[in-house]
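For reference, the structure discussed in these notes is given below.
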Amino acid sequence: MYSTAFLDLPPLRQASGSVQLPGSKSISNRVLLLAALSEGTTEVHDLLASDDTRVMLDALRALGCGVHEAGGGVACITGLGGRRPASPAKLFLGNAGTAMRPLTAALALLGGEYELSGIPRMHERPIGDLVDALRQLGCRIDCLGSEGYPPLRIDHEGGLPPLRLDAPIRVRGDVSSQFLTALLLALPLVAQEQDVVIEVVGALISRPYIHITLELLARFGIAVRHDDWQRFVIPAGSQYRSPGQIHVEADASSASYFIAAGAMAAGLDGQKPLKILGVGLDSIQGDIRFVEAAQAMGARVAGGPGWLEVGRGAWPLKAIDLDCNHIPDAAMTLAVMALYADGVTTLRNIASWRVKETDRIAAMACELRKLGATVEEGPDWLSVAPLPRAADWRAASIHTYDDHRVAMCFSLAAFNPAGLPVRIEDPRCVGKTFPDYFEALFAVAQTPPERIPVICIDGPTASGKGTVAAQVAQQLGYHFLDSGAMYRTAALAAMRAGIAIEAQHEPRLAELARHLPVRFEGGRIWLAGDDITDAIRTEEAGMNASRVSALPAVRQALVALQLGFRRLPGLVADGRDMGTVIFPAAPLKVFLTASAAVRAERRHKQLISKGISATISDLRADLEARDARDASRSASPLKAAEDALLLDNSLLTIDEAVAQVVAWWQARQPF
Ligand SMILES: Nc1ncnc2c1ncn2[C@@H]1O[C@H](COP(=O)(O)OP(=O)(O)OP(=O)(O)O)[C@@H](O)[C@H]1O
Ligand SMILES: Nc1ccn([C@H]2C[C@H](O)[C@@H](COP(=O)(O)O)O2)c(=O)n1
């Protein structure tokens, strides 16, 4: 997951390959609660690991359920099975509506004393209709802030009050279907002596989510009947029965971003369509009907159980005018697809967007306009006119409102025909449902290498290149190439193979370097099966690296390996010839220096901290000798590129040096 302040997406051109989607948030949290209310242990497979499931798991633990996270997407939940949950308890539920609403209903019907709260936005999301329905029954629930909103207090300290179950429970269905879902999940707890009836007041929105609820209740032994989605009957004698094992289907709403990417950029130039794994046409989730909307816009879609394949059909996409009540979450993706359509797209019946993670109608309108689109909005609709010409697109920094779906759907703007980058602010917000969304996108998106930004940081030994480059990469969410480590590895491999590092052995050394079995993984470096991270960091290894790097054939042999690091979303590369030879067209080149005295002192400190003794004067002599060799060799000598910016960091802290490089980079961005 990217936890950077922002993530810049380079312009993307195509999509291909396959993507495995994470589990559905809606199914995950429903299953967790049902398992918690059941007798026995339920093994939940392919559970979504995200912010919203995290708060649910923590809440269930606090309530006394057994929660064992076995790894690999498996969680074992041992339910209460009729026991009272631990009380009193304070539950923090973040911004997870799928935890706040059903837990409120379940805890109100179980008795005990609870406080349920969330982040500030959760306290702006209405829950009054659910609270009213529970109060009708006789439950004692207080809103601790504004009436009708969390935080809530359930106050059944002296036990559950007598409940009025003889009359139908009336709940509004036109604000959020989660109120009805909450009642449906919880009322089987009290449907013992008699049927319990729920009547929906007003039109029921997001009916597909109620369909998921009913399907999952059935898996846990509760057979709810309904009359035309307005009257629901929970039969007397209902008892939650764990199915033992249950598999969470992948998230159909998350599929929408890849369906859109496929419709816009897959299957071009004879390539195969984009394959989406984990959710298919047999899905129980309503958002699978996004497929129909994408097809209406021109996508070519094939699918089966647990898979979809999507490619571009019509291009430009076809504008649509659609009632989106059946796909409220995935419909946001259509608003960005509309930028690539042949006319105005109008999305209707989306009033529920206004009470989601943010006011999504306002948010989408504002961010689409930043890209240059003409957008109109109404209380429950949005219309988006595409940009007439590629030149009308603007590079934009997309504010994401702590809303995962805003972040994910605007990533699709990176496929713009103008070749502009898109900045996604606070990319971490995707953690709510799809923590590795951007990694998944980068794994299937392609763009010509020259469009992937590279920042080069070259300079002499111990100037701080590696430290600064790694931190810049971290701040920008870019990959990091420590090219010196490759020469160090080549030298170590030569020593281990018994090949002296001398000009006469240049062909053998080059052959060795060309097939170097090196892997860079999680900050460690492996040579074949051996972790050589520390072995290549000695002063001797540095000197050997300097010697092997003077051989032109060895340098040539390592070029492809270095170029391979230029991957989405970008690269920060440190070395001696990054800006002059390997990435000569890089958009930012920095030549980082510090005085020899300062560098020797830094190296001394570095070695001492590792328990290696050395004298400053020896170190200074060594590093000056190394620099002299590196700068005087004929092949790719150490020198500043003509267009490099010079940074002498002798008097700067690491943070100051990093800030300077990032500031130079920011100054070159179009946002
Ligand atoms: N601005 C700075 N202020 C203080 N210490 C620094 C600064 N920059 C780097 N250092 C420290 O100097 C030491 C050497 O830095 P680093 O290893 O990043 O240099 P390098 O140029 O990559 O060296 P080499 O070329 O030998 O790999 C490290 O211990 C690092 O923490
Ligand atoms: N791009 C590069 C990177 C490194 N080298 C050589 C020269 C250095 O002395 C040696 C070790 O590099 P370090 O890990 O200290 O950065 O590798 C080079 O020639 N070109």
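Treat the numbers as computed from the prediction; the structure is a model and nothing was measured. Indexing begins at 1, ligand by ligand and atom by atom, following the structure's order.
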Which part of Arg576 is near ligand 1, with near meaning a heavy atom under 4.0 Å away: side chain, backbone, both or neither? side chain
Backbone or side chain, does any N or O of Asp482 fall under 3.5 Å from an N or O of ligand 2? no
Among Leu7, Ile398, Leu12, whose side chain to side chain contact (heavy atoms under 4.5 Å, CB included) with Val422 holds? Ile398
Note the single closest protein heavy atom to atom 28 (C) of ligand 1, along with its residue, its atom name and the distance in Å. Gln606 NE2, 3.5 Å
Nitrogen or oxygen atoms of Thr461 and ligand 2 under 3.5 Å apart: no
Looking only at protein heavy atoms, which one is nearest to atom 30 (C) of ligand 1, and how far off is it? Thr467 OG1, 3.5 Å
For the pair Arg514 and Glu511, find out whether any cationic side-chain nitrogen is under 4.0 Å from an anionic carboxylate oxygen. yes
Would you call Arg524 and Asp534 a salt bridge, taking side-chain N to carboxylate O under 4.0 Å as the test? yes
Should Asp426 and Lys432 count as an ion pair when the cut-off is N to O under 4.0 Å? no
Pull out every atom of ligand 2 sitting under 4.0 Å from any heavy atom of Arg626, numbered as shown with elements. 8 (C), 9 (O), 10 (C), 11 (C), 12 (O), 15 (O)
Give the atoms of ligand 1, by number and element, whose distance to some non-hydrogen atom of Gly464 is under 4.0 Å. 8 (N), 9 (C), 15 (O), 16 (P), 18 (O), 19 (O), 20 (P), 21 (O)
Run the contact test for Ala657 against ligand 1 with a 4.0 Å cut-off on heavy atoms, strictly below, and give the result. no
Looking at Glu624 and Arg620, is there a salt bridge between them, counting it only when a charged N and a carboxylate O are closer than 4.0 Å? yes
Below 4.0 angstrom from a heavy atom of Asp630, which ligand 2 atoms are there? Numbered from 1 as shown, please. 7 (C), 8 (C), 9 (O)
Can you find an N or O of Arg537 that's nearer than 3.5 Å to an N or O of ligand 1? no
Note the single closest protein heavy atom to atom 24 (P) of ligand 1, along with its residue, its atom name and the distance in Å. Arg603 NH2, 3.4 Å
State whether Arg599 and Asp627 are salt-bridged, where the test is any N-O pair (Lys NZ or Arg NE/NH1/NH2 against Asp/Glu carboxylate O) under 4.0 Å. yes
Could you find the nearest protein heavy atom to atom 27 (O) of ligand 1 and give me its residue, atom name and distance? Arg488 NH2, 4.1 Å
How far is atom 4 (C) of ligand 2 from its nearest protein heavy atom, and which residue and atom is that? Gly484 CA, 3.5 Å
Test ring pair (Phe, Tyr, Trp, His ring centres under 6.0 Å) on Tyr340 and Trp393 and set out the steps. CA-CA 11 Å; Tyr340 303 90; Trp393 280 79; 5.4 Å; yes
List ligand 2 atoms under 4.0 Å from Arg488, heavy atoms only on the residue side. 11 (C), 13 (P), 14 (O), 15 (O)
Under 3.5 Å between some N or O of ligand 1 and some N or O of Asp574? no
Of Arg602, Lys610, Glu656, the one whose closest heavy atom lies nearest atom 10 (N) of ligand 1 is Arg602
For atom 1 (N) of ligand 1, grab the closest protein heavy atom and report residue, atom and distance to one decimal in Å. Leu652 O, 2.9 Å
For ligand 1, does Arg626 get within less than 4.0 Å through its side chain, its backbone, both, or neither, judged by non-hydrogen atoms? side chain
Checking the N or O distance criterion of under 3.5 Å, is ligand 2 in contact with Ser483? yes
Starting from atom 25 (O) of ligand 1, what is the nearest protein heavy atom, named by residue and atom, and what distance separates them? Lys465 NZ, 2.5 Å
Atom indices of ligand 2, in the order listed, that fall short of 4.0 Å to a heavy atom of Asp577: 1 (N), 2 (C), 20 (N)
Min N/O separation Val468 to ligand 1 under 3.5 Å: no
Location of contacts on Lys605 toward ligand 1, heavy atoms closer than 4.0 Å: neither
Report the part of Leu592 in contact with ligand 1, treating N, CA, C, O as backbone and CB onward as side chain, heavy atoms under 4.0 Å; options are side chain, backbone, both, neither. neither
Under 3.5 Å between any N/O of Thr461 and any N/O of ligand 1: does that happen in this structure? no
Centroid-centroid distance, Phe671 to Trp665, less than 6.0 Å: no
Report yes or no: does Pro460 have a heavy atom closer than 4.0 Å to ligand 1? yes
Within the structure, does Asp574 bring an N/O atom to less than 3.5 angstrom of an N/O atom in ligand 2? no
Decide yes or no for Val472 and Tyr478: does some side-chain heavy atom of the first lie under 4.5 Å from some side-chain heavy atom of the second? no
Decide, yes or no, whether a salt bridge links Arg54 with Asp51 under the criterion of side-chain N to carboxylate O below 4.0 Å. no
Nearest non-hydrogen protein atom, atom 23 (O) of ligand 1: Ala462 N, 3.1 Å
Between Arg576, Arg629, Met578, which one has a non-hydrogen atom sitting closest to atom 16 (O) of ligand 2? Arg576
For the aromatic rings, using the six-membered ring if either is Trp, is the centroid distance between Phe434 and Tyr257 under 6.0 Å? no
Counting each atom of ligand 2 from 1 as listed, which ones have a heavy atom of Ser549 under 4.0 Å away? 6 (C), 7 (C), 19 (O)
